[in-house]
Amino acid sequence: MDAAEKSLNFIEHIIEEDLNTGYSKDVLRFRFPPEPNGYLHVGHASSICLNFGLGERYDAPVNLRFDDTNPTKEEQEYVDAIKRDVEWLGYTWANECYASDYFQQLYDWAVQLIKNGKAYVDSQSSEAMAQQKGTPTEPGLASPFRNRTVEENLALFEAMKKGDFPEGEHVLRAKIDMASPNMLMRDPILYRVLHKAHHRTNTDWCIYPLYDWAHGQGDYIEQVSHSLCTLEFLPHRELYDWCLDQLVSPEKLRPKQREFARRNLSHTVVSKRKLLKLVEEGVVSGWDDPRMPTISGMRRRGYTPESIRNFAHTIGIAKRENVVDVSLLEFHVRDHLNKIASRVMAVLNPLKVVITNYPEGEEEWLGAENNPEDASAGSRSVPFSREIYIEKEDFREEANRKFFRLKLGGEVRLKNGYIIKAESCTKDEEGNVVEVQCTYDPKSKSGSGTEESLRKVKGTLHWVSVKHAITAEVRIYDRLFNDPTPDGHKDKDFMDFVNPDSLNKVTGYLEPSLKDLKIGDRVQFQRLGYFNVDTDSSAEHPVFNRTVPLRDTWAKLEQKD
RNA sequence: UGGCCUAUGGUGUAAUUGGCAACACUACUGGUUUUGGUCCAGUCAUUCUAGGUUCGAGUCCUAGUAGGCCAACCA
């Protein structure tokens, strides 16, 4: 909606052109066609947003179609996961479709093809066929079975269907052109024998169509107007059109395939094989590990569907090679979380501060605004007492004026609380500061309106009352790979770039209001970042994920020195 | 070596189709701020190269250069 004023991408230009040259608007229809053989990742998210985004823009239906033509790799588990992911992204499909729903129709069309002399049963080994296929620079050779009679082909194909042959003995091939410069047109295989149970058709079929004999027909059956796929399918377009030529009727809409460049994200990999390796080698805990670029991983990490959709829309779509910097994704995650996440206080690397002039045993509850970006988010109370934790990094015995946190003799504001002054500190045998003694100004309480409370102090720290703090496991994530393009190096394996410090588990001390959070809830730990409650979390053992840190200009300043 | 696709800042996309190269991110400067967050303002380009057509070229023409895809009974 907010992207309405954005200029058109090249796919939208194509659609506008079609609308101007005969297509009526109500004929537009799209589809998202995953193969149910793995989990969806951020690249799929882009494709989902493209197709469903087009559906929204043109008020057109979008089907979810499972490309389930290969029972050796596909499973119901993936179907369920894919549906969950698409729904989570916020989209509703018009129809839930399966290529397997079209098996009978596809078979009938294949029989028709044979009768028209456009297909034949080949009975060679795959090695022999590969030999005859030729190379991109040399034409192929005709199979010795290329000129079988229609009757023989029909009989053989039916026997294949009945399961009379073992796998690999016969295939059905289209009879096109063994000398075509397009390798896909050199008599492509249409059907193979597979004695495998299919997750939906069980053992009804012993032959299964290949992608090229299924996809375009599925589009045609569903009357998809624009079938969008990634660039590596561009050479398939000629075959896509050839197949449609064999069966379309003029009164029905003829789908068109158009191709776009797949989106690549920096500092990660998305190929199913590589993601699987990360899982199998235990680099991550599973497909939904919060470091994974899978949709389920991003969901668990705390990314919002809105942020992923906004990301997909701003990166747009084109035909050139690309690597989108992950910082753009993180920008959208922060941008959305900034609007919706409550600000709370948690200390992850505690240093005890004793406020020596605060009465022992006393406590008070201070008002705290939940979200300065959203007045309707309300407020809550946080407990304050004589002993609190602050972050170790927020105290230095001495520092220059650029460090405007706590230093000996210096003052800071405790967020939502008082102004304190560091008077002294205690160290252990190794010289580490283990406690800071401060005094506070009782008149400086936040929101009290006193002259003292309005004093400007440069630094404001988050803190947690020691005796009220609850503890939690906090998982700090960093990029999974140290290199922007881990699989872009010819001489090095992507596994060489795995970041050994991509997960750091620490104990956090949290303000007590956080005990009521539920799995998935998102908050901002003030000054630290956005966090959510992990699926591993329980009342006895809360677990938080750091979704994304806040921008940290101080860290950059320090790095420069 | 054949066919096809693609080249616009550090990154990703635009450019009313031949008319002042725009938007977002990143980075850097400053301002505001009870989060070193947010917010606000500013800075960062010989449009792959070389020729050509034109009053005018990112856009059209010619020749190069670079990258990608294509020889699975995968999708």
Side-chain angles (χ1 to χ4, degrees), chain A residues 6-9 13 33-35 37 67-70 72-74 99 122 125-126 129-131 133-140 167-168 170-173 180-184 186 189-194 207-208 210-212 214-215 229-238 259 261 263 266 272 311 314-332 334-335 338-339 343 345 369 372-373 402-405 412-417 419 446-447 453-462 484 524-529 549-558:
Chain A
K6 238 189 116 188
S7 51
L8 304 184
N9 62 46
H13 279 296
E35 180 187 13
N37 72 341
D67 239 329
D68 56 349
T69 57
N70 186 356
T72 63
K73 299 201 298 188
E74 295 150 6
D122 201 342
S125 67
S126 59
M129 281 188 276
Q131 284 284 319
K133 192 129 195 182
T135 70
T137 53
E138 305 157 42
E167 293 180 11
H170 304 284
V171 293
L172 184 74
R173 298 178 75 178
S180 171
N182 183 348
M183 300 289 291
L184 285 157
R186 324 247 260 226
I189 296 174
L190 267 22
Y191 273 94
R192 76 286 219 189
V193 173
L194 246 31
I207 54 171
Y208 291 91
L210 277 98
Y211 169 85
D212 290 299
H215 200 92
C229 60
T230 46
L231 236 30
E232 69 266 27
F233 287 94
L234 201 153
H236 291 252
R237 184 149 122 197
E238 191 179 358
E259 310 81 13
R263 323 306 319 207
S266 75
K272 282 172 191 165
F311 168 71
T314 57
I315 62 180
I317 202 77
K319 293 177 81 167
R320 58 173 168 171
E321 298 287 306
N322 60 80
V323 182
V324 183
D325 200 297
V326 70
S327 65
L328 183 57
L329 210 206
E330 292 174 343
F331 163 80
H332 284 287
R334 289 193 191 101
D335 189 48
N338 177 50
K339 296 180 182 108
R343 273 60 168 173
M345 292 197 285
E369 194 183 11
E373 306 295 315
K402 276 162 73 182
F403 181 83
F404 39 86
R405 277 114 106 133
V412 293
R413 157 78 61 185
L414 292 176
K415 180 75 187 175
N416 303 314
I419 293 172
S446 289
S453 73
L454 298 173
R455 272 177 58 213
K456 297 286 175 196
V457 252
K458 194 69 177 159
T460 300
L461 304 186
H462 64 278
Q524 183 195 91
F525 287 176
Q526 213 132 189
R527 301 212 302 139
L528 297 176
L550 255 28
R551 275 185 66 220
D552 191 350
T553 48
W554 167 244
K556 284 178 203 154
L557 262 178
E558 270 206 310

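In what follows, every heavy atom counts, from backbone to side chain, and hydrogens, waters and symmetry copies are set aside. Note that the coordinates shown come from a computational prediction; the quantities given were computed from them, not determined experimentally. To find a chain, count down the sequence lines: A is the first, B the second, and so on, and within it residues start at 1.
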Please check if atom CD in A:E167 has more than 12 non-hydrogen atoms from other residues, nucleotides or ligands closer than 6.0 Å.
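Yes.
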In the strands shown, is B:rU54 matched to any nucleotide by a Watson-Crick or G-U wobble pair with both distances under 3.5 Å, and which?
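B:rU54 is unpaired by these criteria.
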Checking contacts here: which listed nucleotide ([options]) is nearest the side-chain heavy atoms of [X]?
X: A:E35; options: B:rG36, B:rA75, B:rU34; answer: B:rA75
X: A:L234; options: B:rU35, B:rC4, B:rC74; answer: B:rC4
X: A:R527; options: B:rG36, B:rA27, B:rG2; answer: B:rG36
X: A:P235; options: B:rU11, B:rC70, B:rA75; answer: B:rC70
X: A:P372; options: B:rA71, B:rC39, B:rU35; answer: B:rU35

Would you say [X] places a side-chain N or O within less than 4.0 Å of OP1 or OP2 belonging to [N]?
X: A:T69; N: B:rC74; value: no
X: A:K556; N: B:rA27; value: yes
X: A:R192; N: B:rC74; value: yes
X: A:K456; N: B:rU34; value: yes

Name the residue closer to the 5' end of RNA chain B, choosing between A:L8 and A:D212 according to the nucleotide with the nearest heavy atom.
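Its nucleotide being nearer the 5' end, the pick is A:L8.
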Report which part of the nucleic acid A:R263 touches: base, sugar-phosphate, or nothing (heavy-atom distance under 4.0 Å, all strands).
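Sugar-phosphate only.
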Where the side chain of A:R527 meets the backbone of A:M345, is there a donor-acceptor pair that is under 3.5 Å apart?
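It does not hold such a pair.
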Aromatic ring of A:W554 stacked on base six-ring of B:rG36, 5.5 Å, 30°
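Yes; centroid distance and tilt both under limits.
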Rounded to whole Å, please give me the gap between CD in A:E259 and C1' in B:rC4.
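Going from CD in A:E259 over to C1' in B:rC4 covers 11 Å.
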